[in-house]
Amino acid sequence: MAELRGLPGFRDFYPEDLAVRSHIIDVWRDVARRYGFVEFDGPPLEPLEIYTKKSGSEIVAQLYQFEDKGGRRVALRPEMTPTLVRMVGARARALPKPIRWFSVPQLYRYERQQRGRLREHFQLNVDILGETDVLADAELLAVAIEVVRALGLSPNHVRARVSDRRLLGAMFRRVGVAEDQLLAVYHVVDRLGRESEESLAGRLEKLGLDRAAIEHIFALTRLSGIDQLHAEFGDVEGVSEVVGELSTYLSCLENLGVRDYVDIDLSIVRGLAYYTGIVFELWDAGRELRAICGGGRYDDLLQALTGVDMPALGFGMGDVVLAELLRERGLLPEYRSGIDCYVVAIGDEARGEALKLAAELRGAGFSTAFDFAMRSPKAQFKSADQMGARWAVVIGPEELAAGRALIRDMGRGHERAVDRERVVPELREVSTVDSDG
RNA sequence: GUGGGCGUAGCUCAGGCGGUUAGAGCGCCAGGUUGUGGCCCUGGAGGUCGCGGGUUCAAGUCCCGUCGCUCACCCCA
C-alpha cells in the first residue's frame, strides 16, 4: 500500500471513533451549561510569547512552534489558560463578575506519545474569574465531578483528591523545610505512590533534611480528615484559617451533592507552578491510568501576565484518559450509525419516481439514501440493512401503476403499501409515536 | 531526550530447526434469475511478510541498520 501516514500522536477519527469523542464532548457542554457557564474559544495558533511568559512551565520545552512567513514566533496552543487570561485581561473591567467561562479546545504538545498521552487532545476547560470566595472553589470541583457522573462514573470509579498549596507549604515550613527547599520537596511529594517511600526519603535526605523532618513530611501527606488537620495544625499561624476554609469547602461540596467523590489528599501538588490555593485532581479509583482532570486556584496569574489583578480558578479535563476509563468500565454507548430511509427502486421506469421520493423525504427532514447502480432489489435491501436504514421505501412497477409506495420497517420486518402522497405523513406519524414511546 | 517489546491481508492472528505458488477467521465485493435485508452456500478482490542492506544454493524465518507502532522512564496539557 502506498504510504500516506499521519503524524505520530495525532488521531484519525473513523465514524465509530468520532462517536466516542462526540459523546464525551456533548456531555462536557451539557454539564458546563447546566452549571451556568458560557462557552468561548480562541485561536489554535498563538504568539509563542504568551506561553514562554508564564515561566516555570515546562510546557514551553514541548511546544509545537515555528516561525511564520511574517517572521513571528508562533506556537500551536498547548493549553488554554494563557488565551483565556489574555481575553479576560483585555476586557477585565467590562465583563460582569464573576466570569464563568468554559471552552473545549484541541491542544497540542510535542512529546513522545504513550498510553493516555498523545500529541493532541481535546480538553474541557472550566474557569471562574473575579471571585475569591471558597464557594467558587467548591463550584468548580462540583462541575468536574458532575461531568464524570454524567458519563456514568460512580464514586467507586473516580476519586477527587483535594489539597491546598498554602497548607502544605506552611506545614512543611513548620517541620523545618527551608524556603529554598520547598519546590524540591513538593517535587518529591508529587512522586508519592509512584516511587517507594524509601527512595523518596533518600531524595529528601540529599536535600539536607534530617530523619525527623522526613518522617514528619510523610506523616503530613497522609492526613486525610479535617479533624486530623485541626488537631495537628489548628494552632499554627496561617494554617488554621486554611483548614477552616477547607472545612467550608467540603460542606459546600456536600450540599452540592458531590461530597462522596472527594478525598483530602495532601500529596496532590500539581505540576504547574502558578497554583496558589486549593488544588485538585480526578483519578480512576485504582489509579491505573493517568489523572483525568486537574485544576485549582491561580490568583496571581492575571496580575503576572496582564497586570490586571483578578483572582481566578479553573481546571482542564482531557478526552484521552476519560475515553480509556469509560471503555474499560463498559460505559461507552454502543455505536450504531443509521439513516431513516432507503429508497428501493425496482426497474428502470421507477428510477425517476424514486429520486423524486428521495428528494421529498430529504426535504421533510428524513436522512435518505438510495442505490446508485440500480442493482437487484435484493442488493438494494442489503444496502439498506448495512446502512442501518429504519425504513425501506419501495417504488416498483406495481406501486407506480397504483400510485403508491411500499414502506418496509426494517427492524420489525413489516411492510405496507400507502398512497404515494401519504409516504411522508405516514413516516412522520410513525417516527413521533416511536420516539415518544 | 533514555530504555524495553513488537511490525505477515482493512482487523485479529497462524506460519517447527531457513526449503515449491504465504494461510485462516472476521470484514469487503459479487453470485445463488431485477419484488425483499439479517442466517446459509459458492466465488472473488486484497500481501514486494514495514523499508534497506547482509549471510546463504535458498530468508516472514538468521544478522545489521532504518522507519513505524507500543510500553515505561523523564515530564505532565
Side-chain angles (χ1 to χ4, degrees), chain A residues 1-12 14 16 44 51 54 56-64 75-84 103-125 187 190-191 194-195 268-274 281 288-295 314-322 342 344-351 354 371 373-400 405-415 417:
Chain A
M1 181 179 59
E3 288 300 341
L4 200 60
R5 266 198 269 264
L7 290 166
F10 284 79
R11 296 170 287 178
D12 288 333
Y14 287 86
E16 60 273 26
Y51 303 113
K54 203 169 97 183
S57 158
E58 286 78 13
I59 285 170
V60 173
Q62 293 162 335
L63 281 171
Y64 261 99
L76 286 170
R77 60 184 175 194
E79 57 169 330
M80 200 57 181
T81 308
T83 301
L84 167 74
S103 185
V104 185
Q106 189 172 20
L107 304 175
Y108 308 88
R109 176 171 177 146
Y110 195 94
E111 206 208 9
R112 192 172 236 178
Q113 65 166 329
Q114 52 191 297
R115 184 170 194 206
R117 187 128 215 218
L118 306 170
R119 288 182 173 178
E120 142 278 318
H121 74 156
F122 290 87
Q123 190 187 64
L124 169 66
N125 274 251
H187 195 254
D190 192 40
R191 302 284 312 157
R194 280 178 286 176
E195 202 173 319
I268 289 296
V269 175
R270 298 292 300 145
L272 296 175
Y274 57 76
E281 290 183 346
E288 280 152 19
L289 308 173
R290 292 160 186 283
I292 295 164
C293 166
F315 72 78
M317 181 187 295
D319 69 314
V320 180
V321 176
L322 202 50
Y342 193 100
V344 173
I346 302 170
D348 287 338
E349 326 79 66
R351 183 168 197 164
D371 191 49
M374 288 294 290
R375 293 173 303 161
S376 68
K378 181 177 179 138
Q380 294 188 51
F381 277 101
K382 195 165 184 170
S383 278
D385 184 51
Q386 282 177 315
M387 289 188 73
R390 202 165 155 196
W391 298 289
V393 184
V394 186
I395 295 272
E398 289 170 28
E399 289 75 17
L400 228 42
L406 201 62
I407 298 176
R408 179 178 179 81
D409 184 315
M410 294 294 284
R412 300 193 172 104
H414 301 155
E415 61 189 26

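Hydrogens, waters and symmetry mates are skipped; everything else that's a heavy atom, side chains included, is used. Naming: A, B, ... by sequence-line order, numbering from 1 per chain.
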Problem - Base paired to B/A24 (Watson-Crick or G-U; both N/O distances under 3.5 angstrom) - result: B/U12
Practice task
Looking at every strand, decide which applies to A/Val394 at a 4.0 Å heavy-atom threshold: base, sugar-phosphate, or nothing.
Solution key: base
Problem - Rounded interatomic separation in angstrom, taking CD from A/Glu79 and P from B/A77 - result: 8 Å
Exercise for the section: Answer with yes or no whether A/Glu415 presents, from its side chain, a donor or acceptor under 3.5 Å of a partner atom in the base of B/U36. Expected result: yes
Exercise for the section: Look only at the side chain of A/Tyr51 and the backbone of A/Leu76, and say whether a donor-acceptor pair between them is shorter than 3.5 Å. Expected result: no
Problem - Whole-Å distance separating the CZ atom of A/Arg375 from the P atom of B/A30 - result: 5 Å
Problem - Sugar-phosphate only, base, or nothing, as touched by A/Leu76 at under 4.0 Å among non-hydrogen atoms - result: nothing
Handout entry: Any A/Gln386 side-chain nitrogen or oxygen under 4.0 Å from OP1 or OP2 of B/C29
Key = yes
Problem - Closest listed nucleotide, where the reference is the side chain of A/Glu111 and the choices are B/C75, B/G37, B/A77 - result: B/C75
Completion exercise
Assigned chi class of B/G4 under the 90° convention is anti
Problem - Interatomic distance where CZ belongs to A/Arg109 and C1' belongs to B/C76 [whole Å] - result: 5 Å
Exercise for the section: May I ask you to say what A/Met80 touches in the nucleic acid, namely base, sugar-phosphate or nothing, with a heavy-atom cut-off under 4.0 Å? Expected result: nothing
Exercise for the section: Could you give the distance separating B/A9 and B/U2 at their P atoms, to the nearest angstrom? Expected result: 30 Å
Problem - Gap in Å between the two C1' atoms, one belonging to B/C64 and one to B/A59, rounded - result: 15 Å
Practice task
Once you apply the 3.5 Å cut-off to both distances, tell me the Watson-Crick or G-U wobble partner of B/U66, or none.
Solution key: B/G50
Handout entry: Whole-Å gap separating P (B/C75) and OH (A/Tyr110)
Key = 20 Å
Handout entry: salt bridge (charged side-chain N to carboxylate O under 4.0 Å, His left out) evaluation trace for A/Glu111 with A/Arg117
Key = CA-CA 9 Å; A/Glu111 206 208 9; A/Arg117 187 128 215 218; 3.6 Å; yes
Completion exercise
Taking every heavy atom of A/Asp409 against every heavy atom of A/Trp391, the minimum-distance pair comes out as CA-CD1, 3.8 Å
Completion exercise
B/A72 -> Watson-Crick or G-U wobble partner, both distances under 3.5 Å, gives B/U2
Problem - A/Gln380 (side chain) donor-acceptor with A/Met374 (main chain) under 3.5 angstrom - result: no
Handout entry: Gap in Å between the two P atoms, one belonging to B/G15 and one to B/G50, rounded
Key = 15 Å
Problem - Pairwise P distance for B/A72 and B/C17, with rounding to whole Å - result: 32 Å
Exercise for the section: Round to a whole Å and report the spacing from NZ of A/Lys382 to P of B/C41. Expected result: 12 Å
Problem - Ion pair check, A/Asp319 and A/Arg11, cut-off under 4.0 Å - result: yes
Handout entry: Sugar-phosphate, base or nothing in reach of A/Glu399, heavy atoms under 4.0 Å
Key = base
Exercise for the section: For nucleotides B/C49 and B/A22, find the distance between their P atoms and express it as a whole number of Å. Expected result: 10 Å
Practice task
Could you work out which one of B/G35, B/A77, B/C75 sits closest to the side chain of A/Arg290?
Solution key: B/C75
Practice task
Nearest whole angstrom, please: distance from the P of B/C76 to the CZ of A/Arg119.
Solution key: 18 Å
Exercise for the section: Looking at every strand, decide which applies to A/Gly396 at a 4.0 Å heavy-atom threshold: base, sugar-phosphate, or nothing. Expected result: base
Completion exercise
A/Ala350 and A/Gly396 have their tightest heavy-atom pair at CB-CA, 4.2 Å
Handout entry: Whole-angstrom distance between B/G16 and B/G52, as gauged at atom P
Key = 23 Å
Exercise for the section: Whole angstrom is fine here: how far is it from CG in A/Leu63 over to P in B/C75? Expected result: 18 Å
Exercise for the section: Using a 90° cut-off around 0 for syn, call B/G60 syn or anti. Expected result: syn
Completion exercise
Nearest heavy-atom approach of A/Arg351 to A/Ala345 is CA-CB, 4.5 Å
Problem - Base paired to B/C39 (Watson-Crick or G-U; both N/O distances under 3.5 angstrom) - result: none
Exercise for the section: Using the P atom on both, measure B/G38 against B/C11 and round to a whole Å. Expected result: 26 Å
Practice task
Take A/Arg408 and A/Ser376, find for each the nucleotide of RNA chain B with the closest heavy atom, and name the residue whose nucleotide sits nearer the 5' end.
Solution key: A/Ser376
Handout entry: Nearest-Å distance for atom pair OH/P, residues A/Tyr51 and B/C76
Key = 18 Å
Practice task
Confirm from the modelled atom types if A/Arg117 and B/C76 form a donor-acceptor pair under 3.5 Å, side chain to base only.
Solution key: yes
Practice task
Name the nucleic acid region contacted by A/Gln380, choosing base, sugar-phosphate or nothing; use a 4.0 angstrom heavy-atom cut-off, strictly under.
Solution key: nothing
Exercise for the section: Look at the side chain of A/His121 and decide which nucleotide, out of B/A77, B/G37, B/G35, has an atom nearest to it. Expected result: B/A77
Handout entry: Sugar-phosphate, base or nothing in reach of A/Gly347, heavy atoms under 4.0 Å
Key = base
Practice task
Take atom C1' in B/C69 and the same atom in B/A30, then report the distance between them in whole Å.
Solution key: 35 Å
Exercise for the section: State whether the number of non-hydrogen atoms from other residues, nucleotides or ligands found under 6.0 Å of A/Tyr110 atom OH is greater than 12. Expected result: no
